[in-house]
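Notes follow once the structure below has been shown.
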Amino acid sequence: MSSQIPTVTLNNGVVMPVIGFGVFQIPEDQTQQAVEAALEAGYRSIDTAAAYENERAVGRAIAASGIPRDELFITTKLWIQDQGEESALRAFGRSLDRLGLDHLDLYLIHQPFGDYYGSWRAMEKLHRDGRTRAIGVSNFHPDRLADLITHNETVPAVNQIETHVFFQRADDQRLMEEYGIQHESWGPLAQGGQGFFDNPVLVDIARAHGKSVAQIALRWLIQQDIVVIPKSLKPERMAQNLDVFDFALTDDEIARITALDTGRSHVFDHRDPEGVKWLGATRFHT
Ligand code: NDP
């Protein structure tokens, strides 16, 4: 990987940038332009999902960029509707077609619901066959993660979970470290909710470094060894979010931010039965 973005090495030796660009909730007709701007700003890792319904536009941006494939790190995710060994293999093929790629860098089980054991067997096969360089999961709480690992051969390379200064997931991270799983944050800016950008502690620390609240929040995650994938539609924010490698938070600042943890989800609680039912009913194809 030739960009200057620092990297982490996953448990199978694959190298992944510590910061990537997320495309959740970017409408299909704005995604190509957004991903082209992100690649132009210097991002080389892109996080999409079948459920975001914008894989085709991500693919068009990749093709238009002319950036060599081996300099990119492309992640997509398998939706609940396609859980199961055979359906996961088919869904992988459809995602790859939409992205216009011949392999992925990281394929994730999007949600720990439905027949994700069958999906994991399909993903182990895709990994063995070199169709994806790494496989992982998303939204897995520690109990589900331990269960999946105990009864399967391959330990996920990544678990992508809601993580930000208000929901820090230290217990989750301890278990992931025990298994050698890379912690990846989704919603690193808490999607801007709960007065995120006006939080007095973050504002104060931002002022001390001449940085923005977003930069402080991303830097805090990166200093906890967590991979981040912030989303923005604005090129100046894309660049700002990447510009977090020329300063470091002090131990005291880290402690002040650690004290902001509320220990609960601020975006979507994967243990809320109503939420689980709603996700299960959400379908993207016939
Ligand atoms: P984020 O925490 O990245 O927040 C995005 C919001 O913050 C947008 O409203 C954006 O607005 C704003 N923003 C971004 N940068 C700045 C900045 N520098 N200053 C001020 N505001 C800023 O939310 P996401 O939910 O998008 O999470 C990131 C990625 O994680 C997703 O895009 C997706 O790839 C992944 N994800 C995965 C999930 C999963 O279940 N696995 C669930 C949710 C997300 P604007 O665009 O106007 O700049």
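One-based numbering, in listed order, for ligands and for the atoms of each. Along the sequence shown, the residues carry numbers beginning at 1. None of these values were measured; they are calculated from a predicted model.
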Q. Under 3.5 Å between some N or O of ligand 1 and some N or O of Pro230?
A. no

(Q) Just to be sure I read this right, does ligand 1 sit under 4.0 Å from the backbone of His110, its side chain, both, or neither, counting only heavy atoms? (A) side chain

Q: Mark the output for Phe21 as yes if a heavy-atom distance to ligand 1 is under 4.0 Å, and as no if none is.
A: no

Q | CZ on Arg219 to CD on Gln224, rounded to 0.5 Å | A | 10.5 Å

(Q) Side chain, backbone, both or neither: which applies to Tyr52 and ligand 1 if a contact is any heavy-atom pair less than 4.0 Å apart? (A) side chain

Q.
Can you classify the ring geometry of His266 versus Phe166 as parallel (below 30°), tilted (30 to 60°) or perpendicular (above 60°)?
A. tilted

Q. Does Pro188 approach ligand 1 within less than 4.0 angstrom via side chain, backbone, both or neither, non-hydrogen atoms only?
A. both

Q. Taking heavy atoms and a distance under 4.0 Å, where does Val23 meet ligand 1: side chain, backbone, both or neither?
A. backbone

**Q.** Aromatic ring pairing Phe24/Tyr52, orientation class (parallel under 30°, perpendicular over 60°, tilted between)
**A.** tilted

Q: Indicate if Leu249 and Val244 have the same hydrophobic cluster label, given that clusters are the connected sets of ILVMFWY residues with side-chain heavy-atom separations under 4.5 angstrom.
A: yes

Q. Under 4.0 Å from ligand 1, counting heavy atoms only, is it the side chain of Ala214, its backbone, both or neither?
A. side chain

Q. Taking heavy atoms and a distance under 4.0 Å, where does Gln240 meet ligand 1: side chain, backbone, both or neither?
A. side chain

Q: Going by heavy-atom distance to atom 25 (O) of ligand 1, choose the closest among Gln191, Gln160, Gln111, Lys234.
A: Gln191

Q) In Å, rounded to the nearest 0.5 Å, how long is the span from CD1 of Ile135 to CG of Leu10? A) 11.5 Å

Q) Under 3.5 Å between some N or O of ligand 1 and some N or O of Phe197? A) no

Q: For ligand 1, find out whether one of its N or O atoms is nearer than 3.5 Å to an N or O atom of Arg237.
A: yes

Q: Please confirm whether the backbone N or O of Arg133 pairs with a side-chain atom of His127, one donor and one acceptor, at under 3.5 Å?
A: yes

Q) What orientation do Phe196 and His164 show, parallel under 30°, tilted 30 to 60°, or perpendicular over 60°? A) perpendicular

Q: State whether the shortest distance between N or O atoms of Ser185 and N or O atoms of ligand 1 falls below 3.5 angstrom.
A: no

Q. Applying a 4.0 Å heavy-atom criterion (strictly less than), which segment of Ala49 is in contact with ligand 1: side chain, backbone, both, or neither?
A. neither

Q: Compare Glu236, Lys77, Lys231, Glu162 and give the one whose heavy atom is closest to atom 9 (O) of ligand 1.
A: Lys231

Q. What orientation do Trp278 and Phe268 show, parallel under 30°, tilted 30 to 60°, or perpendicular over 60°?
A. tilted

Q. Under 4.0 Å from any heavy atom of Asn139, which atoms of ligand 1 are there?
A. 39 (C), 40 (O), 41 (N)

**Q.** Whether His209 and Phe247 hold their rings parallel, tilted or perpendicular, with breakpoints at 30° and 60°
**A.** tilted

Q. Below 4.0 Å from any atom of ligand 1, is there a heavy atom belonging to Gly187?
A. yes

**Q.** Whether Thr7 side chain and Met16 backbone form a donor-acceptor pair below 3.5 Å
**A.** no

Q.
Can you tell me which portion of Val213 lies within the under-4.0 Å heavy-atom range of ligand 1? Options are side chain, backbone, both, or neither.
A. neither

